[in-house]
Amino acid sequence: MKIIVTENYDEMSKKAAEIIIDVIKNNPNAVLGLATGSSPIGTYRNMINDHKENGTSYKNVSTVNLDEYVSLDKDHDQSYAYFMRKNLFDELDIDQTNTHLPCGTAKDLAKECDRYNGILAKLVPDVQVLGIGSNGHIGFNEPGTPLDSVTHVVDLTESTIKDNSRLFASVDEVPKQALSMGIKNIMQAKSIVMVVSGKNKAEAVKGMVNGEITPELPASVLQLHPFVTLVCDKGAASLL
Ligand code: F6R
């Protein structure tokens, strides 16, 4: 795992965006695997600025997202589909029919997982953006998720519901389930860029980089991937 430690969130975001922009410059038909949450917002902002200032084009880029809440419509302001439009897609020249997320309002969630696995079989990310949960989750693969899992329905843990409640009016409004790419799907990406900021993630980062590879800390599996770049700020790196 290549590790880049930055002074702060802004520098982390700039470095991560540079890596992704390089992938697109080398391959204008690239597939990007994308994440939501606080960690990649700055990275996306840098990609938007680069698109506007330098003209990097996303016309032929496709994207697949890691996850989506069950029960939130794509226009709900806390859905990940809405997040992606507001924080990235609406500001790029990307063809939004080439952007893919699991559908959290599908009637048959098992079928929706199959549909999404079918998409992932065709669209293998050239680079997958990841964040990490304070409990070591990647995507919504909570501790205990088998390392060979593919897209599945997840019961969110209390710790993740609590972490994510900051974005909802109350903790009761946070959906209790999500659809998530599995760990096996994530590991199929050709390369991975993980962005992590803040001391509250330091313990998870330490386990991911130096700990045992175990389903109890899903991100530890990244030790087995040949092309992972961890871009983290000083706080997140403080226990390395
Ligand atoms: C988001 C996702 C999650 C987040 C993680 C960190 O699509 O899959 O694994 O990356 O929960 O979230 P933030 O960045 O908000 O701390």
Side-chain angles (χ1 to χ4, degrees), residues 6 8-10 12-13 16-17 20 32-45 63-70 72 74 76 78-89 99-104 116 120 125 127-145 149-168 174-175 177-187 189 192-205 207-208 215 217-222 228-233 235-237:
T6 65
N8 52 36
Y9 180 90
D10 286 346
M12 172 197 82
S13 303
I20 299 164
L32 302 183
L34 299 175
T36 58
S38 314
S39 309
I41 288 183
T43 305
Y44 297 157
R45 206 179 307 126
T63 69
V64 285
N65 258 79
L66 286 168
D67 41 22
E68 179 61 284
Y69 284 120
V70 166
L72 297 192
K74 65 180 182 9
H76 187 290
Q78 290 307 327
S79 76
Y80 288 170
Y82 183 90
F83 174 103
M84 289 311 303
R85 294 201 303 280
K86 292 300 150 202
N87 288 295
L88 189 64
F89 301 151
T99 66
H100 305 275
L101 289 98
C103 173
Y116 205 63
L120 297 176
V127 59
Q128 171 70 55
V129 179
L130 290 181
I132 186 171
S134 56
N135 64 3
H137 74 215
I138 46 175
F140 270 131
N141 295 290
E142 301 283 17
T145 307
S149 54
V150 293
T151 307
H152 59 294
V153 183
V154 180
D155 292 326
L156 300 180
T157 61
E158 281 309 315
S159 103
T160 297
I161 291 173
K162 196 167 150 264
D163 280 357
N164 292 6
S165 64
R166 69 190 190 279
L167 302 166
F168 289 81
V174 184
Q177 288 187 311
L179 300 178
S180 178
M181 272 192 205
I183 294 173
K184 188 173 167 191
N185 301 120
I186 293 172
M187 290 295 280
I192 292 175
V193 175
M194 178 182 271
V195 276
V196 196
S197 167
K199 265 201 167 143
N200 61 322
K201 301 283 180 74
E203 198 67 52
V205 167
M208 168 178 72
L217 197 123
S220 63
V221 75
L222 298 179
V228 178
T229 306
L230 166 64
V231 190
C232 60
D233 67 10

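Remember, it's 1-based here, ligands and their atoms both numbered in the order they're listed. What you see is a predicted model; the values in this text were computed from it and never measured.
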Original post:
Heavy-atom distance under 4.5 Å between the side chains of M208 and L230, does that happen here?
Top reply: yes

Original post:
For atom 15 (O) of ligand 1, what's the nearest protein heavy atom and its distance?
Top reply: S38 N, 2.8 Å

**OP:** Could you tell me which atoms of ligand 1, counted from 1 in the order shown, lie closer than 4.0 angstrom to a heavy atom of D67?
**Re:** 1 (C), 2 (C), 7 (O), 8 (O)

Original post:
Is any side-chain heavy atom of L34 less than 4.5 Å from a side-chain heavy atom of L88?
Top reply: yes

**OP:** Give the numbers and elements of all ligand 1 atoms closer than 4.0 Å to a heavy atom of L66.
**Re:** 8 (O)

**OP:** Compute whether any side-chain donor of one residue and acceptor of the other, for R85 and T99, lie under 3.5 angstrom apart.
**Re:** no

Original post:
Quick check: does Y80 get an N/O under 3.5 Å from an N/O on ligand 1?
Top reply: no

**OP:** For atom 14 (O) of ligand 1, find the nearest protein heavy atom and state the residue, atom name and distance (0.1 Å precision).
**Re:** S39 OG, 2.5 Å

Original post:
For the atom pair CD (Q128) and CE (M194), what is the distance rounded to the nearest 0.5 Å?
Top reply: 10.0 Å

**OP:** Would you give the length of the straight line joining atom OH of Y44 to atom OG1 of T36, rounded to the nearest 0.5 angstrom?
**Re:** 7.5 Å

Original post:
Quick one: which ligand 1 atoms are inside 4.0 Å of a heavy atom on R166?
Top reply: 15 (O)

Original post:
So, does N185 use its side chain to make a donor-acceptor pair with the main chain of G182 at under 3.5 Å?
Top reply: yes

**OP:** Report yes if some heavy atom in the side chain of M12 is under 4.5 Å from a heavy atom in the side chain of S197; otherwise report no.
**Re:** yes

Subject >> Region of T160 that comes within reach of ligand 1 [heavy atoms, distance under 4.0 Å] >> reply: neither

Original post:
Closest non-hydrogen protein atom to atom 6 (C) of ligand 1, residue and atom name please, with distance?
Top reply: I132 O, 3.3 Å

**OP:** Heavy-atom contacts with G37 under 4.0 Å: which atoms of ligand 1 show up? List them by number with element.
**Re:** 14 (O), 15 (O)

Subject >> From L156 atom CG to F140 atom CZ, the distance as rounded to the nearest 0.5 Å >> reply: 5.0 Å

**OP:** Write out the residue and atom name of the closest protein heavy atom to atom 5 (C) of ligand 1, then the distance separating them to 0.1 Å.
**Re:** H137 NE2, 3.4 Å

**OP:** Considering the heavy atoms of K201, write down every atom of ligand 1 situated less than 4.0 Å from one of them.
**Re:** 6 (C), 13 (P), 16 (O)

Original post:
What class does the angle between the rings of F168 and H76 fall in, given that below 30° is parallel, 30 to 60° is tilted and above 60° is perpendicular?
Top reply: tilted

**OP:** May I ask you to identify the nearest protein heavy atom to atom 1 (C) of ligand 1, giving residue, atom name and distance to one decimal place in Å?
**Re:** T36 OG1, 3.2 Å

**OP:** Would you mind finding which of G139, G131, G133 brings a heavy atom closest to atom 3 (C) of ligand 1?
**Re:** G139

